[in-house]
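For reference, the structure is listed below as structure tokens.
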Amino acid sequence: MSDRSSKLLRIGGASLAAIGLVLVLLSPVIGEPISPGSLWWIEPVAYVGAGVFFLGAIASFVSIQLASRREKHGADDRSWSQVTQDYFDTFAHDMGRPLRRILGKQREVRALLNETGETTPRMVTELLDEIEQQAPNFRLMIENVRVLVDLEDEYAQPAVEPVDAAAVILNIADRYLPIARERGLDLVWWCEPGEFGLVYTDASALDHVVTNLVDNATKFADGQIEIRLTRNDAHFLVRVWDDGPGIAESHLVHVFDRGWTPELSARREKQSSGLGLFIASSLSERCGGDLLVESRQSTGDEANDHHTAFTLSLPLDNRPAAAK
Amino acid sequence: MTSKGVGNGQKILVVDDEHMSDLMRSVLRRLESDGFRPIVVAPEGPHVSGDDYEAQALFAMEDERPAAVLLDVRFGEYDTDRFKGLSILKKIVDRDSSMPVLMFTQYTHGPYRDTAVMASLNVSSSVDFIDKLASPEEVVLRLRRLIGSAPETIKIGSLFEIDAQNAAVYAIDNGRRDLIREIQGMKLEILNELAAAFFRSEGELVPFSRLERFSEGEDSRASLRVRIRELKVALGNAVSREFGATELIINVRNRGYRLVQPVD
Ligand SMILES: Nc1ncnc2c1ncn2[C@@H]1O[C@H](COP(=O)(O)OP(=O)(O)OP(=O)(O)O)[C@@H](O)[C@H]1O
Ligand SMILES: [Mg+2]
């Protein structure tokens with residue numbers, strides 16, 4: 001039951017009860033006694049009044065019960081979120097320890113190789129790059145799991161705050177530029193208008209959705225990735241475009257499904273978890289927006305402009321009406 | 001690509017108990033190669049605690065006057081020091097609310113902690129979070145933007161220097177700066193716009209919509225194209241070079257223009 005209908009029930013119930021009470025009290029004055037002498041016994045207005053009173057009282061009682069149960073549930077949820085958050089802090093810290101060490105060693109090796117002044121064999125650099133690239137993978141994976149748990153909580157609300165959307169996109173571009181460069185991809189981003197200003201949304205959700213899209217784009221692009229931030233009257237839009245092979249039309253309906261990857265349709269073993277887009281689209285909806293995909297598949301023809309574009313659309317101001 | 005010298009010798013105070021780790025060393029190395037001067041807080045003694053870091057960090061803030069602070073959230077493995085970084089952060093911001101602080105968090109950036117920390121600080125303080133697994137390049141980029149102020153002059157590779165304040169573009173030749181006189185007015189404005197985006201982030205392009213005010217006539221795209229070509233020729237002449245379509249200023253997929261570092 002929604003908040004509104006339970007409030008309606010409470011107010012309605014209370015007023016019914018009040019009317020009923022008034023009727024009962026006034027019955028000696030306004031009622032027509034059917035048999036004089038036994039005033040209360042056969043007074044119809046009193047009967048009706050009493051009925052109305054009980055009906056109203058029951059309605060308010062039920063609605064109050066519901067509300068208190070919800071409140072209790074809400075409190076449990078908040079601590080549940082807090083518990084999972086704490087759990088993830090520890091989890092990410094401890095799970096990340098070996099990775100931090102490996103990553104540190106890898107960078108140290110790179111620096112040492114640089115210091116020798118000799119050119120490092122290509123194969124070695126490629127191996128080092130491979131290790132370096134596990135860092136963003138790990139970051140995204142941990143965050144994906146955290147959000148997945150969070151999405152289970154149907155009462156959780158997005159944390160709406162003033163957000164510099166362009167700065168969020170810029171940070172993501174910074175994170176993926178070195179990766180794109182290593183893979184020989186050209187990543188560009190821009191926003192229109194130039195002074196984009198603040199939007200009211202959940203910053204960490206925005207960051208997370210776009211990160212997933214850019215992460216996919218760097219996996220599939222042939223040479224180009226574009227991230228564009230624009231706005232219209234009510235929404236701001238982030239489009240992530242890549243010139244990769246595209247997605248088959250028969251697959252487009254599945255890309256947002258939980259755990260779907262193309263291997264699943266081909267009945268082969270999955271190469272990745274297939275969670276990114278499910279999480280991204282669920283988060284977008286929770287934040288009052290949506291995530292759309294548009295793609296053209298490669299035909300092998302040179303001139304064919306195959307590509308994939310995901311467009312995230314979120315309200316410019318997602319604060320609850322009262323806070324605006 | 002490294003943009004050497006963007007740091008301009010600015011001091012960065014590094015407060016992290018793991019400053020000796022390989023991971024932090026790679027960050028320190030990158031800071032140095034980008035022209036920053038990292039100052040590492042390293043208290044000495046048999047039992048160094050989070051408090052020692054705090055005391056020395058606050059002292060170094062007064063003593064060294066850094067341009068920004070790089071601060072870890074978690075100090076040591078003891079539960080008491082688990083969020084020591086946050087209390088150090090509060091003291092730093094209390095003393096100097098305009099001090100840019102980049103916090104290392106090795107956790108996910110969940111909404112609860114960030115929001116809770118930010119809410120406890122002054123609105124105007126410039127504090128940002130970054131994952132400990134971030135690449136050194138990302139750390140430096142973020143730090144640079146947090147410090148914020150674009151330098152008075154922006155260098156384009158080793159060939160040009162743009163001085164937006166004094167509305168001048170210089171060609172650099174063996175350390176000598178020669179004013180390029182032809183680049184003025186709208187052409188200079190276009191170049192400034194491109195250079196600002198170039199400085200902010202390597203991947204940023206300036207969309208046509210933002211450049212079209214520097215063009216005129218019916219077909220503003222065409223007039224812009226002409227201006228850009230003239231600009232490229234003027235820059236090329238100054239260093240006796242010819243810049244091709246994929247050099248210096250490039251049209252990106254007909255969406256806008258972008259400055260790219262010229263190869264020497
Ligand atoms: N930009 C893209 N170009 C082509 N195919 C894509 C693109 N983005 C997603 N896909 C397809 O959609 C599938 C699902 O993507 P999703 O991000 O949900 O999962 P994943 O990337 O496979 O795994 P995860 O993100 O959980 O690591 C991918 O396996 C891929 O086949
Ligand atoms: Mg993915």
Side-chain angles (χ1 to χ4, degrees), chain A residues 81-82 84-85 88-93 96-97 99-101 103-108 110-111 132 134-136 138-139 142-143 145-147 150 158-159 161 167 170-171 173-181 186-194 202-205 207-208 224-228, chain B residues 1 18 21-27 29-30 33 73-74 77 82-83 105-115 118-119 123 128-142 144-145 193 196-197 200-211 250 252-253 255-256 258 260:
Chain A
S81 286
Q82 221 55 111
T84 54
Q85 182 71 26
F88 269 99
D89 278 357
T90 318
F91 176 68
H93 180 68
R97 198 191 327 265
L99 187 66
R100 286 198 299 277
R101 293 202 62 147
L103 207 62
K105 292 283 175 245
Q106 176 265 134
R107 289 178 189 165
E108 198 67 11
R110 215 187 271 262
E132 179 73 39
Q134 294 313 310
F138 181 83
R139 281 163 80 178
I142 292 280
E143 186 65 6
V145 177
R146 188 187 68 75
V147 174
D150 221 36
E161 54 193 336
L170 180 53
N171 287 346
D174 281 356
R175 194 176 322 155
Y176 279 91
L177 259 167
I179 299 162
R181 200 184 310 123
D186 187 35
L187 187 154
V188 293
W189 78 276
W190 71 96
C191 64
E192 283 173 86
D202 181 332
S204 94
D207 181 286
H208 190 60
Q224 310 262 2
I225 300 164
E226 289 177 10
I227 313 169
R228 185 190 68 182
Chain B
M1 186 212 77
E18 291 174 6
S21 70
D22 296 328
L23 211 57
M24 271 313 290
R25 284 238 294 276
S26 67
V27 170
R29 209 179 283 126
R30 177 78 195 204
S33 77
V73 169
R74 196 189 267 251
E77 299 294 322
R82 211 173 131 198
F83 297 112
T105 58
Q106 51 266 74
Y107 336 108
T108 53
H109 57 149
Y112 305 100
R113 199 209 45 245
D114 288 10
T115 316
M118 299 311 271
V123 234
D128 202 357
F129 296 88
I130 193 162
D131 195 296
K132 199 137 201 192
L133 290 175
S135 68
E137 187 173 350
E138 192 184 338
V139 175
V140 173
L141 278 168
R142 199 69 94 66
R144 199 179 78 185
R145 256 207 309 285
E193 190 87 32
R200 252 196 314 274
S201 107
E202 197 191 326
E204 186 173 349
L205 73 80
V206 185
F208 286 130
S209 63
R210 233 189 297 164
L211 289 172
I250 57 175
V252 184
R253 305 181 49 85
R255 311 218 185 271
R258 174 156 74 121
V260 290

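Heavy-atom basis, side chains included; hydrogens, waters and symmetry copies ignored. Each chain gets a letter, A, B and so on, in the order the sequences are listed, and its residues count up from 1.
Atom CD1 of I130(B) is separated from atom CG of N171(A) by 7.5 Å, given to the nearest 0.5 angstrom. Between R30(B) atom CZ and R107(A) atom CZ the span is 10.5 Å, to the nearest 0.5 Å. Once rounded to the nearest 0.5 Å, the distance linking CG of L133(B) with CD of Q134(A) reads 11.5 Å. Distance check: R142(B) CZ to L170(A) CG gives 8.5 Å after rounding to the nearest 0.5 Å. To the nearest 0.5 Å, the span separating CG on L141(B) from CZ on R175(A) amounts to 12.0 Å.
Contacts between Y176(A) and chain B at a heavy-atom distance below 4.5 Å are absent for every atom of the residue. Using a 4.5 Å cut-off between heavy atoms, Q224(A) touches chain B through its side chain atoms alone. For chain B, the nearby part of L177(A) is the side chain; its heavy atoms alone come within less than 4.5 Å.
With chain B as partner, the option from A173(A), A167(A), C191(A), A180(A) having the largest number of non-hydrogen pairs under 4.5 angstrom is C191(A). Considering only heavy-atom pairs separated by less than 4.5 Å from chain B, the leading option among D186(A), I225(A), L99(A), I227(A) is D186(A).
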Can you check side chain to side chain contact (heavy atoms under 4.5 Å, CB included) on V206(B) and W190(A), steps first, answer last?
CA-CA 7 Å; V206(B) 185; W190(A) 71 96; over 6 Å; no
Please lay out, stage by stage, how R100(A) and S21(B) fare under the test side chain to side chain contact (heavy atoms under 4.5 Å, CB included).
CA-CA 9 Å; R100(A) 286 198 299 277; S21(B) 70; over 6 Å; no
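Residues D174(A) and R145(B) have side chains in contact (heavy-atom distance under 4.5 Å, counting atoms from C-beta outward).
Not a single salt bridge (Lys or Arg N to Asp or Glu O under 4.0 Å) links R101(A) to another residue, sequence neighbours left out. The ring-ring contact (aromatic ring centres under 6.0 Å, His included) test applied to F208(B) returns Y257(B), not counting sequence neighbours.
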